[in-house]
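The figures here come from the full heavy-atom set of this structure, side chains too, leaving out hydrogens, waters and symmetry mates. Throughout, a chain's letter reflects where its sequence line sits, starting with A, and its residues are numbered from 1.
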Amino acid sequence: MSVENNNEWNPKIIVIACNWCTYAAADLAGLNHYEYPADIRIIRVPCSGRMDPLFMLRAFNRGADGVLLSGCHPGDCHYGTGNYYNRRRQMMMKRLMQFVGLEPERYQTSWISGAEGSKFAETMHKLVEDVTALGPNRKLRDER
Amino acid sequence: MNDFTQQIQDIASRLLDNGQVDVFIAWHKGQQDFQVQPYFARSADEAQNIIFNDYSIHNLSNSLLKFRDSKEKIGIVVKGCDSRGIIRLLEDNQIQRERLYIVGICCPGMKDPLQAMRDELGFNHKPESTELAAKCNDCIQPNPVIYDELLGTEQSPRVQDRFARVKEIEAMSADERYQFFEETISRCIRCYACREVCVACDCRTCIFDEMRPQWVGRENNTTDNLMYHIVKASHMAGRCIECGECERVCPVNIPLMLLNQKVIKDVNELFGPYEAGMQYVEGQKPPFSMYEESDPDDFL
Ligand code: SF4
Ligand code: SF4
Ligand code: SF4
C-alpha cells in the first residue's frame with residue numbers, strides 16, 4: 001500500500017459486478033459518457049452466484065471503505081438462478097455484518113441490468129456519497 | 001441416570017454381540033464423575049465400560065464423521081440436541097441411515113464438566129451445585145427427533161427466550177456493537193475447538209485450513225479473529241443445530257452462540273420458520289441451498 005501524500009481522503013470502494021449485467025452497464029455508462037466518481041474499483045465475476053461473502057469481508061479486511069455487490073435483476077440471471085441464491089446469502093450476510101457493527105451504507109447490494117448505464121452511474125454517485133459521509137473505515141481492517 | 005447406564009450397556013452388548021453394529025458410541029468413566037469421555041465400544045465386554053451420568057454432555061453425533069468413509073455399522077447414543085446433528089449429517093449425505101442404530105435419550109439436562117471441576121476442586125468448593133449447563137438451560141429440543149429405540153420419558157423444552165442475548169446486542173449502536181465484538185473476540189486463541197466439536201462443520205477441507213488462496217489470516221489478532229468468527233457464523237446459516245457445543249468447549253468463553261443465534265433469528269424472519277435438523281425429509285434442502293422467487297430483498 002502506497003504512502004498517501006495528499007491530505008484529501010478519497011474513499012476506496014469495491015464494486016463486485018456480474019459479467020452479464022452490471023459489468024456491461026458500466027461499459028454502457030462509459031460509452032454514453034455518463035460521469036461517475038473515480039473512487040470505485042470494479043471486480044468482474046461470472047455471476048451473482050459467484051459472490052461469496054468472503055469477497056466482501058476480504059475487501060474490508062484489505063482496506064476498502066465500502067463494498068457494493070451488483071448483479072442481474074431477479075428473473076434475468078444468465079444462468080437462471082444464481083442471483084436468487086445470492087440474494088438469500090446477501091440478506092443474511094448484511095444483517096450479520098450490521099450485527100457486528102458495520103454501518104449498513106458500507107455494504108450494499110443492487111440489481112443493475114446491462115441496459116441500465118444511467119442507473120449504474122447514479123448508483124455509483126450515491127454509493128460514493130454515502131461512504132464519504134461516513135469517512136474512512138476502520139472496522140475489520142487488517143491491523144498489520 | 002444409573003438405569004440409563006444399565007439400559008445403554010444392555011443395548012450395546014446386545015447389538016455388538018449379534019453383529020448388528022461394529023462399534024457403539026457412548027461415554028465411559030473418567031477419573032472423576034464429571035470427567036466422562038466419549039467412548040467407542042467394539043465388543044460386548046467393552047460395552048460394560050459405558051456410563052451415562054449428569055456430565056454426558058458431549059454431542060456424539062459429531063464423531064460419526066470419523067466413520068463417513070468406512071462401511072462399518074454404528075450404534076450411537078444421542079440426546080435431543082445431538083439427534084438433530086444426525087439429521088444434519090444425513091441431509092449433507094455424510095452418513096447413511098442404514099448404517100446407524102440410534103439410541104435416543106429424552107434428556108433431563110446435563111451439567112457442565114468445567115463448572116463441576118471448578119465447583120468440586122480448589123477453593124471454591126461447592127460440590128452440591130446442581131445447576132444445568134448454560135446450553136441445557138436454553139434447550140429447545142430435549143427429546144430425540146430420530147431414533148430406533150427411545151429411553152426415558154419425554155421432557156419439555158427448557159428455553160425461555162432464546163434470542164434474549166441477541167436482542168440485547170441489537171439494541172446497541174453500531175459502534176457499541178463493534179466495540180463489544182472487538183473486545184470479546186480478541187480473546188479468541190484460534191484453537192479451533194469450536195470448529196472441531198461442531199457437527200455442522202462437516203467440510204473435508206475447511207476454509208480456514210485452505211492455503212491457496214488463504215482467505216482468512218491465521219494470525220491471532222483482532223481482525224483475523226473477527227474474520228474467523230463472521231465466516232464461521234455465516235457457514236452455520238441454516239445448518240447450526242444449536243447444540244451449544246462450540247460455546248461450551250471454548251477455553252476463553254467466547255459467546256459463539258450469540259452469532260449463531262443471530263443468524264438463526266434472521267433466517268427465520270427472512271425466509272420463514274426453519275430449525276436445522278428437526279426433521280429428516282429425503283431431498284429436502286436447507287435454506288441456503290434453495291430459494292423462492294418471492295424472497296424479500298432490500299437491493300437498490
Ligand atoms: S455452531 Fe455450535 S451450536 Fe451450532 S451445531 Fe456447531 S457446535 Fe452446535
Ligand atoms: S468453518 Fe466453514 S469451512 Fe470450516 S468446517 Fe465449518 S462450515 Fe466448513
Ligand atoms: S474455541 Fe474459543 S478460543 Fe478456540 S477458536 Fe473457538 S472461539 Fe476461539
Any salt bridge between [X] and [Y], counting N to O under 4.0 Å?
X: B/Arg239; Y: B/Asp92; value: yes
X: B/Glu91; Y: B/Arg88; value: yes
X: B/Glu182; Y: B/Arg177; value: no
X: B/Arg195; Y: B/Glu245; value: no

Check your understanding: Parallel, tilted or perpendicular: which describes the rings of A/Phe60 and A/Tyr107, with under 30° parallel and over 60° perpendicular?
Key ->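 A/Phe60 and A/Tyr107: perpendicular rings.
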What part of [X] gets within 4.5 angstrom of chain A, counting heavy atoms only: side chain, backbone, both, or neither?
X: B/Leu258; value: both
X: B/Met172; value: neither
X: B/Phe181; value: side chain

### Other residues, nucleotides, ligands: >12 heavy atoms within 6.0 Å of A/Phe99 CZ
yes
Item to complete: Kindly check if the number of other-residue, nucleotide or ligand heavy atoms within 6.0 Å of CZ (B/Arg158) is above 12?
Response: yes
**Which atoms of A/Met91 approach chain B - backbone, side chain, both or neither, heavy atom under 4.5 Å** =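 Its backbone and side chain both get close to chain B.
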- Worked verdict on B/Tyr192 versus B/Tyr228 for ring pair (Phe, Tyr, Trp, His ring centres under 6.0 Å): CA-CA 10 Å; B/Tyr192 296 127; B/Tyr228 168 69; 5.3 Å; yes
Hey, does the side chain of A/Arg87 reach the backbone of B/Glu293 with a donor-acceptor pair shorter than 3.5 angstrom?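 At least one qualifying donor-acceptor pair exists.
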Indicate yes or no for a side-chain donor-acceptor contact from B/Asn62 to the backbone of B/Asn59 under 3.5 Å, with no hydrogens or angles considered.
->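 Not at all, since once roles are kept as given, no pair shorter than 3.5 Å links the two residues.
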Partner chain A: residue of [options] with the largest heavy-atom pair count (under 4.5 Å):
options: B/Thr222, B/Val267, B/Leu226; result: B/Thr222
options: B/Gln179, B/Glu176, B/Glu292; result: B/Glu292
options: B/Val231, B/Val216, B/Ile230; result: B/Ile230

One option among A/Lys119, A/Glu103, A/Arg138 has the most heavy-atom pairs under 4.5 Å with chain B, and it is A/Arg138
- chain B interface, residue from A/Gln90, A/Lys94, A/Gln108, A/Met97 that has the most non-hydrogen pairs under 4.5 Å: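 Highest number of pairs under 4.5 Å: A/Lys94.
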Taking a cut-off of under 4.5 angstrom between non-hydrogen atoms, the residues of residues 24-46 of chain A near chain B are none
